[in-house]
**Student:** 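Before I ask anything, here is the structure I am working with.
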Amino acid sequence: MTQSRMDTRPDESDVTQPTLGTVGLLRWAWRQLTSMRTALFLLLLLAIGAVPGSIWPQRNIDAGRVADYLSRHRSTGPWLDRLGFFDVYSSPWFAAIYLLLFVSLVGCVVPRSRLHWRAMRAQPPRAPRRLERLPEHGQIEVGGTPEDVLANARDVLRGRTFFGKHGLGRHYRVRSDGLTLSAESGFLRETGNLVFHTALVVVIVAVAIGHLFGWRGDRILVTGKSFSNTISAYDTFDPGPWVDTEGLSPFTVAVDKLDVSFEEHAGGAQRGAPRDFTAYTRTQTSPDAPQIAQTLKVNGPLTFGGASVFLLGNGYAPVVTVRDASGQVLMHEATPFLPQDANYRSVGAVKVSSASPKQLGFFGFFLPSEYVDRDAGPSSFFPDLKNPALALGVYEGELYPQGRPQSVYTLSTEKMTQLRNAKGAPLRLLLKPGQTAKLPGGRGSITLDAVQRWAGLSIRYDPGKVVALGGAVAALAGLIASLMIRRRRVFVRVRPAGRRTVVSIGGLAKGEDPGLGATIDDLLSAIAQRSDTTWSDTKGTGSKV
Amino acid sequence: MTNETLAQYANLSIYSAMVVFTIAMIAFAVDLSGAASRVLVAAPETQKESALVGAGSSVDAPAFPVHSDDPGRPRRRQAAGVAMMLTRLGGLLLIAAAAMRGLSVHRPPLGNMFEFALVGCMFVVVVFVAISLRRDLRWLGLFVVGPVLLTLGLAITVFYTDASELLPSLKSVWLVIHVTVATFSVALFTIAFSVTILHLVKTWLEAQAASDPNAMSRARTIVNTALPPARSLDRTAYGIHAVAFPLWTFTLIAGAIWAEQAWGHYWNWDPKEVWTFVIWVVYAAYLHARATTGWSARSANYLALAGYGAILVNYMVVNVFFVGQHSYSGM
Ligand code: HEM
């Protein structure tokens, strides 16, 4: 069919038998890899390969759930782990799929671009001898000499005139050949397609830039405190391999106040759902820059030269004072507790390393709206402060055995013993704000002075994200052009018929093109109108002479 | 604060729409079951017409008058007329329901699964009615109204969520943009899915009719005559997919922008993101397959069905069962 001549896509039937020798083999392999069939196969593989990451917990999202899964599936877990099912998107096999796909993509786009470049500058091909063999065609007799009519046809095809229902016709590239015109339009379709595929490569490169040069850090900041952007200020810091960790931009953020609100009115699962979080901050871009008051919201990050500060979590930090037997303050501090459920039942530890002779550790729950559940013990019925209480067990001994690092939210009790009450049961303290509990055996006392909130800040720097956005937008634009624009060829031939002229027209499209017939009709009627003839009302693409 | 009364009226409107759609569905079914007799009556006239129209055109000559796109030749199909009217009415009721639901919560009604389902159904009906203004889609009515009815039923019973405000991370213009376009493109994919299924059925029936027309059961003959030619079904399905896919691409990009603002990373392989991506890749594969030599339209269409399967998983399974940052189903 004539249609195949309009294809610039690699011709699969053309894959020749591999000639002997390494070069031949390599060339053959390259052809296979860059064929559309392989691309299709790899696309499907990519879709299937992405699925496990939504079924099994992923380390990059929630390492805790992965550990939990492994402890519950002792036989299958390690195998899944070895196969990378808990790190799907950084596993070698997933990388293999997308890398192959993108090699294939580049290997496909480059030669196609070359072909397309040539096609765009080439003359439209000669007209076939018999236009009525084309999928859409028509014929009409008009007044004027063949030369005049041909000139009119050229004007129409070049878009110099209005015709059809849609006003100005589109622009065709026209070649004339005696009394015949060949015209071609819709190159933007292939251009759009190439832009789309190239832009996908750009997006992948942008993602790679983000991984190599980007970093993220998390910090829990109690209201009233500030932090500056250095590695040591972070609770966790996760730099890409090529990040200069000494050269972070030296901004500071102080959180003065955190406003939160929760659903009070709706019932069911919606009750207690978070409604609004707003942090009131003071920021400085560098230590000697002026302070600026800014609000930080869940969908409204602060930005400092490329790095953005997000408000991703919040919780409570009970302010606790621990005194020794003589009333001397050993510790006075706001200690963040980590929420465990939707009602902010939070766990945490208060560590008093200056207590003597043995160090003291308090471990337990902070409950913003305390009640006692028969099974779960002290619990919270609402996330806001309706009945705040601190429920603690007390330990004494060595807080940091061998100086090993440990989480600030738990107590390592291997070198500690739990204090017991007079009846020999583990001692439990329940403190409301303002209350003080005496510790047995002259160990002093603990007071819950107040409750503050903390803001969970996450700071991200991703130099690739603007590139990724640009690539994505270009891909979308290219895609729309590629799917909406039709590539068409139109041929016009005139021949004298007495003192009048017969115009024949034929059209050819690449792929499905339901609008081709109407276009041919429109073109023919425009040529006729311009040639100052009455356009008889015989419509349709059938022959009219 | 939410306005409970208005939310109640919204529900009432949904129930009314369901009643209307049920009758419409029956009427569409009655209309389809009459297809065979219509062909018999109209047959002689048709042959003449198709001989005229088909001349000089390489596209398949219209085989039956029932699905001619030409609105200028009215045929007495009262049941279908009633069904189309009722479908429009049902569409209006859904628009009213979505509007009242939105007003009752002071935001676009796109905050939980119930609301997605409602607005999705509304878009499906609106798109169907809009296309039917230009093309004869009476044959498709049953296969659009049926799924809509099913979804509404699920929405008002299983997915139902009390009217309430949004989670903080959902308060963003990008929510409105991202979710509106997502819901709209899912509506298009849904219609395309129905047409694709019909294409497969029709291909199968056409093959049967070609090999041994006398062996066809009456039911199959009716379905075979009621549906447009397989080629035209395929073209329609492709056309809808070709509009839905860029919209889904936009959904994906807008979602990434929103994720960047709300969570600080534009892509984190959260289960919902994974499935949005899977859907995108499968439909990309479908478009690719259509342009790949050696892939028939039929095998490509299986990919489109797989894509819709992924949409269903994304909506029904991921929202409810998978743990992720997108846990907004409200259930
Ligand atoms: C990341 C991988 C890829 C994706 C997501 C993708 C996606 C798409 C999409 C959605 C289309 C449809 C546009 C249209 O119909 O005009 C398309 C067309 C096309 N793709 Fe890809 N593609 C990918 C890789 C490749 C590769 C590796 C090749 C080369 C072997 C390739 C060659 C083509 C060609 C030639 C077309 C034009 C089809 C036509 O309209 O005739 N693509 N691609």
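A, B, ... follow the sequence lines: proteins, then strands. Residue 1 opens every chain.
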**Student:** In plain terms, say whether A/Arg275 and A/Glu263 are close enough for a salt bridge, that is, a side-chain N and a carboxylate O under 4.0 Å apart.
**Tutor:** yes
**Student:** Go through A/Phe310, A/Phe41, A/Tyr89 and name the one with the most non-hydrogen pairs under 4.5 angstrom from chain B.
**Tutor:** A/Tyr89
**Student:** B/Phe250 versus chain A, heavy atoms under 4.5 Å apart: side chain, backbone, both or neither?
**Tutor:** both
**Student:** Taking A/His137 for the side chain and A/Arg133 for the main chain, is one N or O donor matched with an acceptor at less than 3.5 Å?
**Tutor:** no
**Student:** Answer with side chain, backbone, both or neither: which region of B/Leu252 has an atom nearer than 4.5 Å to a non-hydrogen atom of chain A?
**Tutor:** neither
**Student:** Using non-hydrogen atoms and a 4.5 Å limit, figure out which bit of A/Tyr461 sits close to chain B: side chain, backbone, both or neither.
**Tutor:** neither
**Student:** Contact part of B/Ile279 toward chain A, heavy-atom cut-off under 4.5 Å: side chain, backbone, both or neither?
**Tutor:** neither
**Student:** For A/Ala468, which atoms come within 4.5 Å of any heavy atom of chain B: side chain, backbone, both, or neither?
**Tutor:** side chain
**Student:** Which one wins on heavy-atom pair count under 4.5 Å against chain B: A/Asn60, A/Val309, A/Val207?
**Tutor:** A/Val207
**Student:** Quick check for you: among A/Leu40, A/Val88, A/Leu483, A/Leu43, which has the greatest number of heavy-atom pairs under 4.5 Å with chain B?
**Tutor:** A/Leu40
**Student:** By a 4.5 Å heavy-atom criterion (distance strictly below it), what part of A/Leu469 contacts chain B: side chain, backbone, both, or neither?
**Tutor:** side chain
**Student:** Do B/Asp234 and B/Arg290 meet the salt-bridge criterion of a basic N to acidic O distance under 4.0 Å?
**Tutor:** yes
**Student:** At a heavy-atom separation under 4.5 Å, does B/Trp174 approach chain A through its side chain, its backbone, both, or neither?
**Tutor:** neither
**Student:** Can you list the steps and then say if A/Asp238 with A/Arg216 is a salt bridge (Lys or Arg N to Asp or Glu O under 4.0 Å)?
**Tutor:** CA-CA 5 Å; A/Asp238 181 13; A/Arg216 56 169 285 188; 5.1 Å; no
**Student:** Heavy-atom cut-off 4.5 Å, strictly under: side chain, backbone, both or neither for B/Trp267 against chain A?
**Tutor:** neither
**Student:** Report yes or no: does B/Thr161 contribute a side-chain atom to a donor-acceptor pair with the main-chain N or O of B/Phe159 at less than 3.5 Å?
**Tutor:** yes
**Student:** Between the main-chain N or O of A/Ile505 and the side-chain N or O of A/Glu136, is there a donor-acceptor pair closer than 3.5 Å?
**Tutor:** no
**Student:** To the nearest 0.5 Å, tell me how far A/Leu131 CG sits from A/Ser504 OG.
**Tutor:** 6.0 Å
